[in-house]
Amino acid sequence: MRRILQVFYATFSAIIFSLAIPNEFITFGSPFLGLFALVPLYLALRNAKTYREAAFLTGWQVFCVHLLSSFWLGFFRDFAIFTLGASALGTGAIGMAFGCFLYFPFAHSRIENRFFYDSTGLGVFTRTLFFAAIWTLYEWGKSFGFLGYPWGTIIMSSYKWPLITQIVSITGTWGISFLFAFFSAIIAEGFCLITEIHRKDKASVFNAYSRCGAICIMFFLIVCVYGTFEYTKERIPIKNMETVIVQQNLDPWEGTDSQVISISTRLSTQGINEAIETTGKKPDLVVWSEAVLARAFPSALDYYMYNPDEQPLIPFIQECQVPFVIGAPVRKETPTGRGYLNAALYFDKNAEYQGYYAKMHLVPFAEVVPGLEFEWIRNLLSKVIGISSGWLCGTEINLFDVPLNSGESVKISLPICFEDAFSSVCSKLYKAGSEVFVNLTNDSWSLTKSAEYQHFVISSFRAIEFRTTLLRATNSGYSVVVDPAGKILADLPLFQEAVLTTSVPIYERQKTVYSILGDWVPLLCVISFILFAIITQFSQKRQK
């Protein structure tokens with residue numbers, strides 16, 4: 001019966017967690033639910049008897065969160081077996097590993113250990129801080145590296161509380177992970193304190209709990225004060241980039257090349273005309289979404305000089321006399337043969353091809369599969385799921401100077417698709433001199449509004465982390481412009497053919513604490529865990 005109850009706690013935690021982040025019912029998620037999402041999991045771990053049980057409970061919770069919140073990965077065509085199935089199992093495995101670390105303070109609470117045993121008065125304080133630190137490390141660990149997947153994190157639930165989210169310019173998103181996990185742990189300890197009211201040492205435990213709660217409140221107050229200052233701060237742009245964002249609402253996997261171009265050129269013409277009517281001048285830039293063109297560059301330049309028949313692409317750009325950014329593949333010769341890059345192309349106003357930025361962080365087991373260089377692996381994957389090749393990984397950080405009607409220019413970077421979810425990628429672009437992130441995305445395959453808004457919520461933190469403007473041009477949503485405080489300046493509705501003509505503010509580049517120190521919060525959590533582990537073991541030996 002006890003084990004069934006433990007599994008229920010973990011499952012209930014997963015349900016609350018999934019409702020807290022953007023979903024089909026609550027568009028941008030619920031910070032309030034996010035604060036309590038880990039309470040049932042904390043209670044389950046506190047009542048666990050072994051490390052094995054704790055590992056299972058944590059693994060089960062994150063596995064369920066992944067399936068409930070990222071179910072739309074199952075719509076990723078032939079890759080669904082990897083994108084949903086393999087990622088769910090992988091996330092569960094990571095959760096099991098971190099479950100052992102989360103259980104560490106609870107295991108030591110059962111012995112006379114001065115750091116975790118309740119009668120010392122320190123137990124509740126160290127347990128809650130420990131839990132928050134390890135949960136922060138879990139969310140960092142699942143969001144980092146080749147297998148990184150920052151979806152399904154407590155961070156995503158905080159979007160609607162902008163006074164809280166401003167802290168990411170100092171701590172990165174990991175400060176939010178810590179705050180929310182810390183709050184959940186304290187609430188859970190409060191439940192336990194109520195059920196253990198008849199304890200002889202309740203006075204010391206209650207005093208420790210009160211101090212711990214006060215510290216948590218102090219953390220939130222400090223964050224809110226800082227957030228109020230940053231969110232209400234007047235930011236004056238140093239220049240503006242008049243931009244046309246094209247959302248053609250056509251899945252490139254379904255529509256033909258000529259269909260996508262036809263819709264995009266029509267919408268571009270509409271947007272350019274709107275800009276002329278509004279400002280009296282042509283826009284500074286037109287942005288199409290990811291993977292709009294099917295043929296690979298640079299060899300496709302000749303093809304698009306004469307195609308599509310009704311309106312050839314290159315002559316159209318020449319006629320517009322406006323720079324264009326367009327998503328398309330780029331062919332690259334490699335030692336093993338010909339490969340292709342998922343890229344964003346930049347054309348100047350004369351339709352001269354100026355180069356490309358290629359996606360550096362590819363979707364694991366969809367855009368890139370380890371081992372494809374071996375023929376036997378290619379043959380195996382081809383027979384099982386029809387995969388025999390993947391994209392090449394981009395290696396160069398290319399920025400582009402967009403001339404403005406004002407006579408100035410803007411240096412833009414072009415993160416592609418879910419690259420805007422990774423601070424590590426955007427940090428490189430920012431440090432290279434980017435003044436604005438221009439993201440090109442294709443999320444139409446997801447077929448769900450929750451997928452579109454989840455992607456947006458994660459990407460919006462990049463604007464705050466580096467205090468820079470973020471522009472997202474997608475084929476189905478969420479196409480939007482976000483300022484350095486995370487405020488939405490302009491947007492388009494989901495899954496509609498539409499065009500957005502807007503003035504994108506460009507602000508003076510500033511160095512944030514996060515842009516300088518990077519992921520210092522997870523590093524601090526690692527150091528703290530190691531020190532506590534060493535001190536705890538040393539203390540145990542002395543007691544013996």
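Note that the structure is predicted; figures quoted are calculated from it, not measured.
Defined by atom type and a distance below 3.5 Å, a donor-acceptor pair is missing between the side-chain atoms of T58 and Y138. Between the side chains of S177 and W135, no donor-acceptor pair is found at a separation under 3.5 Å. D519 and Y514 share a donor-acceptor pair across their side chains, judged by distance under 3.5 Å alone. Using a 3.5 Å distance cut-off with no hydrogens or angles, the side chains of Y430 and S413 do not pair a donor with an acceptor. Counted by atom type alone, S515 and T512 present one or more donor-acceptor pairs between their side chains at under 3.5 Å. No hydrogens or angles considered: nothing links the side chains of Y453 and E24 as a donor-acceptor pair under 3.5 Å. Using modelled atom types and a 3.5 Å distance limit, the side chains of N405 and D284 yield a donor-acceptor pair.
Taking 4.0 Å as the cut-off between side-chain N and carboxylate O, D420 and R472 count as a salt-bridged pair. A salt bridge links E465 with R462: at least one charged nitrogen is closer than 4.0 Å to a carboxylate oxygen. Ionic pairing of E189 and R127 is present here: one or more N-O contacts between side-chain nitrogen and carboxylate oxygen are shorter than 4.0 angstrom.
A donor-acceptor pair under 3.5 Å is formed between the side chain of W445 and the backbone N or O of N442.
None of F182, Y9, F36, F106 except one satisfies the ring-ring contact (aromatic ring centres under 6.0 Å, His included) rule with Y42; the exception is F106. Between E290 and the choices T474, N439, N342, T441, the side-chain hydrogen bond (donor to acceptor under 3.5 Å, both in side chains) rule is met once, by N342. Screening V244, T278, T243 for a side chain to side chain contact (heavy atoms under 4.5 Å, CB included) with P283, the sole residue that qualifies is V244.
Contact detail for E497 and Q248: the closest heavy-atom pair is CG-O, 3.9 Å. When all heavy atoms of S143 and T153 are compared, the closest pair comes out as OG-CG2, 4.2 Å. Nearest heavy atom pair, residue S479 against residue Q247, reads OG-OE1, 2.8 Å. Listed here is the closest heavy atom pair of V62 and T91: CG2-O, 3.4 Å. The two residues S476 and S444 have their closest heavy-atom pair at OG-CA, 3.1 Å. Of all the heavy atoms in T468 and F437, the pair that sits closest is CG2-CE1, 3.4 Å.
No side-chain heavy atom of T469 sits under 4.5 Å from any side-chain heavy atom of V482. Between M241 and L404 there is a side-chain heavy-atom pair separated by less than 4.5 Å. Considering only heavy atoms from C-beta on, S268 stays 4.5 Å or farther from V499 through its side chain. Side-chain contact between S157 and L33 is absent, with no heavy-atom pair separated by less than 4.5 Å. In this structure, the side chains of D443 and C417 come closer than 4.5 Å at one or more pairs of heavy atoms. Between V225 and T228 there is no side-chain heavy-atom pair separated by less than 4.5 Å. Residues I506 and P237 are not in side-chain contact: their nearest non-hydrogen atoms beyond the backbone lie 4.5 Å or more apart. Contact check for F17 versus L41: no side-chain heavy atoms found under the 4.5 Å cut-off.
Shown here is W72, whose CH2 atom has more than 12 heavy atoms of other residues, nucleotides or ligands within 6.0 Å. In K282, the NZ atom is crowded: over 12 heavy atoms of neighbouring residues, nucleotides or ligands sit closer than 6.0 Å. More than 12 heavy atoms of other residues, nucleotides or ligands shown are found within 6.0 angstrom of CZ on F98. Within a 6.0 Å radius of CD in Q354, other residues, nucleotides and ligands contribute more than 12 heavy atoms. The environment of K428 atom NZ is sparse: at most 12 non-hydrogen atoms of other residues, nucleotides or ligands sit within 6.0 angstrom. The environment of F71 atom CZ is dense: over 12 non-hydrogen atoms of other residues, nucleotides or ligands sit within 6.0 angstrom. In F495, the CZ atom is crowded: over 12 heavy atoms of neighbouring residues, nucleotides or ligands sit closer than 6.0 Å.
Residues Y356 and Y346 place their aromatic rings such that the two centres sit no closer than 6.0 Å. Aromatic rings from H361 and F418 are positioned such that their centres are separated by under 6.0 Å. Ring centers of Y159 and F461: at least 6.0 Å apart, outside the cut-off. Here the two rings, on W151 and H455, have centers that are under 6.0 Å apart.
No cation-pi contact links R46 to F191, judged by a cut-off of 6.0 Å to the six-membered ring centre and 45° from its axis. For the pair K487 and Y231, the cation-pi test (distance below 6.0 Å, angle within 45°) is passed.
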Inset, instruction - List the steps, then state whether ring-ring contact (aromatic ring centres under 6.0 Å, His included) holds for F130 with F529. - result: CA-CA 7 Å; F130 211 93; F529 172 78; 5.4 Å; yes

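Note: F180 CZ to M156 CE = 13.0 Å, rounded to the nearest 0.5 Å. K239 NZ to E408 CD: the interatomic distance, rounded to the nearest 0.5 Å, is 5.5 Å.
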